[in-house]
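Proteins get letters first, then strands, A, B, ... in listed order; numbering begins at 1 in each.
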There are 2 protein chains.
Amino acid sequence: MVKGESSVGSVSWQSIRDAMMARIRAQDYAPGELIPNEVDLATEFGCARATVNRALRDLATSGFLDRRRKAGTRVREAPRRKATLAIPLTRAEVEASGARYEYRLLERMGETPPPSVREKLKLAGKERVLHVKSLHLADNVPHMFEDRWIVLDTVPEIEAVDLVKTSPNVWLVRHAPYTHGTMEFLAETAGARSKHLICAPDDPILTMLRVTWLDASPITFARQSFSPSHRMRLEL
Amino acid sequence: MVKGESSVGSVSWQSIRDAMMARIRAQDYAPGELIPNEVDLATEFGCARATVNRALRDLATSGFLDRRRKAGTRVREAPRRKATLAIPLTRAEVEASGARYEYRLLERMGETPPPSVREKLKLAGKERVLHVKSLHLADNVPHMFEDRWIVLDTVPEIEAVDLVKTSPNVWLVRHAPYTHGTMEFLAETAGARSKHLICAPDDPILTMLRVTWLDASPITFARQSFSPSHRMRLEL
DNA sequence: ACGTATATTATGTGCAGACATATTAAATTC
DNA sequence: GAATTTAATATGTCTGCACATAATATACGT
């Protein structure tokens, strides 16, 4: 570790974060190894312990460090970085490209979900579930076909929502922000969806599966199928 | 706004964050509108202003709030949520599935990048660029074919790295963590890549394009093509 | 030697106070 | 009325101190 390059002259938490980041880059702290503790780093940088804590917390939030009380702080073997989604994803995407966005409700029904959906949402058996199919367009051209299941036991209010006017995604984003979930990307052939997306059944399409939870309660499972050649862009 | 439900009895920043989250859910604060300022919220919750600041900062980092000095804090019209990637993504994925991971360097050369790559990396003209093709396997089965361009002007040290032993991704994650970038998912037919991925040329495959930057300098542009049926999973 | 209890320690949090900074509002000048 | 200057304000940061908490180390008992 290079001690001579301390940042004594400038003691903002950002400068400490940057200095620590540089050391991580240079492998001064090997992946998996402990870094010096906060009190020692505060001495080295000539600032308060709370300031070091603030800097290290940012690095931990960004996925570079693992922090444990008493155990100390380690450089992660594999950084866990985050990518940003803007939600509502589809409307924002379409409008950002300068196109006119339109949403069309295709089907809405209370329905018993098939086993694959029950498994995704970890349903026990008695839950009421809403099944919604919709099409999202850009300049009157099909952009994304959505097949979505919403657990009414978790978000009963959506039952009173006019889903002709408001897409379930927009409503959920506003009224049922998830606490955690998963998102999967896969490539499939359009198949039966080609009639919605107006393409060839053999065309490759990007599909996104999303499951969201509110604490321990499942909110929704959505399968979004995009038109061929569509690219889903995330910011890193 | 519901003032009677203050959290006077429990004043951790987490409880304040949760209380504010509940209000956002309930639309007590409309999207785009200002919420009460920190001093007022501190009075309401019966805690220090710094504690409110800590809670709101978390909500801002999570994408629900926009904060500006003097201007105040607004509920975002569209939340910007984050998804988590574990990097090195491929090795972690393969090993998490219980398979044996293997990396094979296919090609490595200094080369003039084509216009499409120059554009992705915003290259001016004189930059030295390394071109690396590699195959990543799971239990001896091709899992991902990677075609990657690395800007040597940004990360010259990689030139001395034995890329037979170490995948460029692993090296870059360790030595050149990006400050920002973009990631795109798309569905394509395998085409010429089918000979690497050992599949039919018409098979749909998931492709991920990633461009990363170190401040204003481009690091790398990678096109990763996954074997058919592969699902890229992110945590929300 | 092993299991349990106690002590220690590194990070996490809350607070009060002061100061910094970016932004908006108000006052002043032309 | 428009432009410029000054004042006010809401968030951002730093500090020192105290306390909390989770985890590891040490001590004690069998």
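Under 4.0 Å is where a charged nitrogen must lie from a carboxylate oxygen, and between B:Glu184 and B:Arg210 no such pair does. Taking the charged nitrogens against the carboxylate oxygens, A:Glu159 and A:Arg128 do have a contact shorter than 4.0 Å, which makes a salt bridge. A salt bridge links B:Arg23 with B:Glu44: the distance from a Lys NZ or Arg NE/NH1/NH2 to an Asp or Glu carboxylate oxygen falls below 4.0 Å.
In this structure, A:Lys70 atom NZ and D:dT24 atom C1' are separated by 4 Å, rounded to whole Å. Protein atom CG of B:Leu65 is 17 Å distant from nucleotide atom P of D:dA10, rounded to whole Å. In this entry the distance linking CD of B:Glu38 with C1' of C:dC15 reads 15 Å, nearest Å. Counting to the nearest Å, the C1' atom of D:dG12 and the CG atom of B:Asp66 are 15 Å from each other. Between B:Asp58 atom CG and D:dT11 atom C1' there is a gap of 16 Å when expressed in whole angstrom units. Between the P atom of D:dG12 and the CG atom of B:Leu56 lies a distance of 9 Å, rounded to the nearest Å. Here the P atom of nucleotide D:dA23 and the CZ atom of A:Arg74 are 13 Å apart, to the nearest Å. Residue B:Leu34 contributes atom CG, which lies 10 Å from atom P of C:dA25 at whole-angstrom precision.
Here the nucleotide nearest the side chain of A:Arg67, chosen from D:dA23, D:dT11, C:dG12, is C:dG12. Here the nucleotide nearest the side chain of B:Asn37, chosen from C:dA22, D:dT11, D:dT24, is D:dT11.
The side chain of A:Thr73 contributes an N or O atom lying less than 4.0 Å from OP1 or OP2 of C:dT11.
Using a 3.5 Å distance cut-off with no hydrogens or angles, the side chains of B:Arg148 and B:Thr220 do pair a donor with an acceptor.
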What donor-acceptor contacts under 3.5 angstrom involve side-chain atoms of residues 52-61 of chain B, with partners at least two apart or in another chain?
unit_1	atom_1	unit_2	atom_2	d
B:Asn53	ND2	B:Glu38	OE2	2.9
B:Asp58	OD2	B:Arg17	NH1	3.4
B:Thr61	OG1	B:Arg57	O	3.0

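The aromatic rings of B:His143 and B:His230 sit perpendicular to each other, their planes meeting at more than 60°, with 30° as the lower class boundary.
Within a 6.0 Å sphere centred on CD of B:Gln27, other residues, nucleotides and ligands contribute more than 12 heavy atoms.
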| field | Annotated protein contacts, base or backbone, on nucleotides 13-19 of chain D with a non-hydrogen cut-off under 4.0 Å, one of B, S, - each | value | BSBS---
